[in-house]
Amino acid sequence: MELEKKLSKVSKRIKSSLIRELLDLKDPEMISFGGGVPDPDTFPRHEIAKIASEVIENEHRVTLQYGSTGGDNILKEQYIKLLKKHENIDNLDVDNLLITVGSQQALYLLGITFLDEESYCGVSRPIYLGAASAFQQRDPKFINVPLLEDGMDLDYLEKELEKLNKEGNIEKFKFLYVISNFHNPAGVTMGIEKRKKVVELANKYDFIIVEDDPYGALRFEGEKLPSIYSMAPERTILLNTFSKVLSPGLRLGLVVGPKDMVKRISMAKQAADLCTPALTQRIGARYLERFDLIEGIQPTIEIYREKKNLMMKLVEEKLGDIKGIKWINPEGGLFTWITLPEGFDTLEMFEIAKEEKILYIPGTAFYVDEPDNNTMRLSFCLPTKEKIKEGMDRLRKTIDRYAKEKGLEI
Ligand SMILES: Cc1ncc(COP(=O)(O)O)c(C=O)c1O
């Protein structure tokens with residue numbers, strides 16, 4: 001059978017994830033700065049195991065049964081308490097929340113709910129790959145807003161919005177997708193003035209703000225900033241997840257937003273999977289009853305902070321003399337973003353990196369338009385400190401070899 005002829009337009013558009021392919025390289029000698037996955041040794045596995053056993057034995061009528069599409073109300077009530085305590089977010093009830101299979105599903109459902117081919121959505125440049133693939137399924141028009149060190153270039157966005165307004169197309173601009181804290185892949189955090197400006201623009205041009213915040217709790221330094229959601233709850237959809245603060249294997253994500261929007265997203269979810277697994281939701285609920293997720297993550301943050309500081313010190317020491325190199329020193333999260341001088345192509349350089357046994361993610365993976373080929377994402381959360389040291393030496397060797405091969409002066 002000629003499979004191609006059977007495929008839908010959407011399926012033909014879907015490309016295999018570059019990251020997944022790169023990370024499939026399983027070689028024990030390899031040092032990886034690639035994956036953005038948390039360190040499994042930080043998962044509170046004994047506590048989760050105990051709760052899992054209890055909720056299966058004692059609450060099997062719920063945990064082994066279908067649940068409602070909107071999600072487990074006990075989990076929602078617990079999460080509402082957490083948002084009040086740690087995010088100063090008030091006035092929520094269960095209908096403001098939807099429990100999804102990770103934030104990734106929420107991104108997919110947002111695409112289904114709001115985007116058509118003629119729609120516009122604003123995204124950062126570079127963009128989180130998972131959001132790009134989720135939105136791309138709907139084939140919308142992207143407004144790619146460059147990222148600066150304090151978040152999106154809002155002057156650029158404003159000009160684009162004004163252009164759409166003049167053309168009579170502003171109503172087709174559905175939402176702006178923002179990762180407010182410790183951006184994946186770029187590591188940057190949106191400053192307070194820019195958060196206010198986003199709200200101002202959203203009010204002026206009447207669009208939805210999608211604030212994706214999986215990393216906000218992983219702050220190593222600097223001051224915690226108020227969420228965009230807290231500044232404009234009537235037009236913001238906040239995405240949270242258990243993945244980076246408890247365990248990604250539970251696949252628990254949360255949509256927080258205005259009730260009418262949450263209801264619409266929930267309707268799209270019904271067709272996708274009927275409900276998020278009742279078992280993991282109840283495990284999450286009982287976990288939150290007993291433990292404070294944010295306090296629980298503090299020891300992990302200490303480990304990440306040390307690793308981040310080490311990596312950034314080494315970036316400076318080992319790569320700092322390369323003319324024109326730039327990097328982001330993140331205040332939290334899992335990633336730093338490096339821009340090599342013009343002429344570098346980090347995807348092409350990846351062949352040398354493999355020989356040197358060092359993995360990173362070439363920046364090309366994070367663009368929906370023409371990529372900046374000289375960028376790369378490094379993650380510091382998984383490798384040990386020894387591996388980070390050795391890995392940075394290997395990275396420098398890779399860069400030197402590539403520069404020599406290409407005749408680039410560095
Ligand atoms: C910015 C961002 N959004 C969403 C996700 C998806 O997370 P999950 O589906 O595990 O909740 C990730 C995962 O890395 C991410 O970095």
Side-chain angles (χ1 to χ4, degrees), residues 17-20 22-23 32-40 42-43 71 75 79 97-111 121-137 145 147 151-152 175-190 209-219 227-229 236-256 265 269 272-273 276-277 280-281 283-284 293 297 304 328 330 332-337 361 363 365-368 377-382:
S17 156
L18 181 62
I19 294 193
R20 296 258 166 271
L22 298 181
L23 298 182
S32 177
F33 293 157
V37 298
D39 184 343
T42 66
F43 302 148
L75 175 58
Y79 207 80
L97 268 69
L98 168 68
I99 314 289
T100 51
V101 181
S103 290
Q104 188 57 41
Q105 183 183 45
L107 292 168
Y108 181 79
L109 297 176
L110 286 172
C121 68
V123 299
S124 60
R125 182 182 190 283
I127 178 179
Y128 164 54
L129 177 67
S133 356
F135 303 155
Q136 267 167 338
Q137 307 241 340
V145 187
L147 266 189
M152 284 177 165
F175 62 74
L176 178 69
Y177 171 67
V178 184
I179 301 171
S180 40
N181 297 305
F182 327 129
H183 190 278
N184 178 8
V188 301
T189 292
M190 182 179 269
I209 304 161
V210 175
E211 181 178 26
D212 188 7
D213 189 22
Y215 304 106
L218 303 179
R219 182 176 273 286
S227 61
I228 300 176
Y229 177 86
T236 307
I237 295 170
L238 172 67
L239 307 185
N240 272 185
T241 173
F242 280 49
S243 290
K244 316 293 170 172
V245 287
L246 187 62
S247 145
L250 292 175
R251 305 307 298 129
L252 291 176
L254 297 107
V255 176
V256 184
I265 302 166
K269 178 172 166 65
D273 62 2
T276 298
T280 57
Q281 290 191 73
I283 293 171
L293 216 50
I297 196 76
Y304 289 165
I328 295 296
L334 305 179
F335 310 109
T336 179
W337 178 250
I361 306 291
F366 304 103
Y367 296 84
V368 288
R377 189 190 79 178
L378 304 187
S379 174
F380 40 80
C381 60
L382 218 43

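First listed ligand is number 1; within each ligand, the first listed atom is number 1. Quick caveat, the model's predicted, so the values are computed rather than measured.
- Remark: distances from the non-hydrogen atoms of His183 to ligand 1 are all 4.0 Å or more.
- Of all atoms in ligand 1, listed by their number and element, those nearer than 4.0 Å to a heavy atom of Ile179 are 1 (C).
- Checked against the 6.0 Å centroid threshold, Tyr177 and Phe135 count as a close aromatic pair.
- Every atom of ligand 1 is numbered from 1 in the order shown, and the set under 4.0 Å from a heavy atom of Thr241 is 8 (P), 11 (O).
- Counting only N and O atoms by type, the side chains of Glu211 and Ser180 include a donor and acceptor under 3.5 Å apart.
- The ligand atoms of ligand 1 that sit less than 4.0 angstrom from a heavy atom of Asn184 are 14 (O), 15 (C), 16 (O).
- The main-chain N or O of Phe43 is never found under 3.5 Å from a side-chain atom of Ser247 such that the two would form a donor-acceptor pair.
- Residue Phe242 places every heavy atom at 4.0 Å or more from ligand 1.
- Shortest contact from atom 6 (C) of ligand 1 to any protein heavy atom: Tyr128 OH, 3.5 Å.
- Between Asp212 and the choices Asn184, Asn240, Leu239, the side chain to side chain contact (heavy atoms under 4.5 Å, CB included) rule is met once, by Leu239.
- Within the 4.0 Å heavy-atom cutoff, Lys244 counts among the residues contacting ligand 1.
- In terms of modelled atom types and a separation under 3.5 Å, the side chain of Thr241 and the main chain of Gly102 share no donor-acceptor contact.
- The closest approach between Gly36 and ligand 1 stays at or above 4.0 Å for every heavy atom of the residue.
- Side-chain contact, Ser124 with His183: a donor N or O sits under 3.5 Å from an acceptor N or O.
- The protein heavy atom nearest to atom 16 (O) of ligand 1 is Tyr215 OH, 2.5 Å.
- Atom numbering of ligand 1 starts at 1 in the shown order; those under 4.0 Å from a heavy atom of Pro214 are 1 (C), 2 (C), 3 (N), 15 (C).
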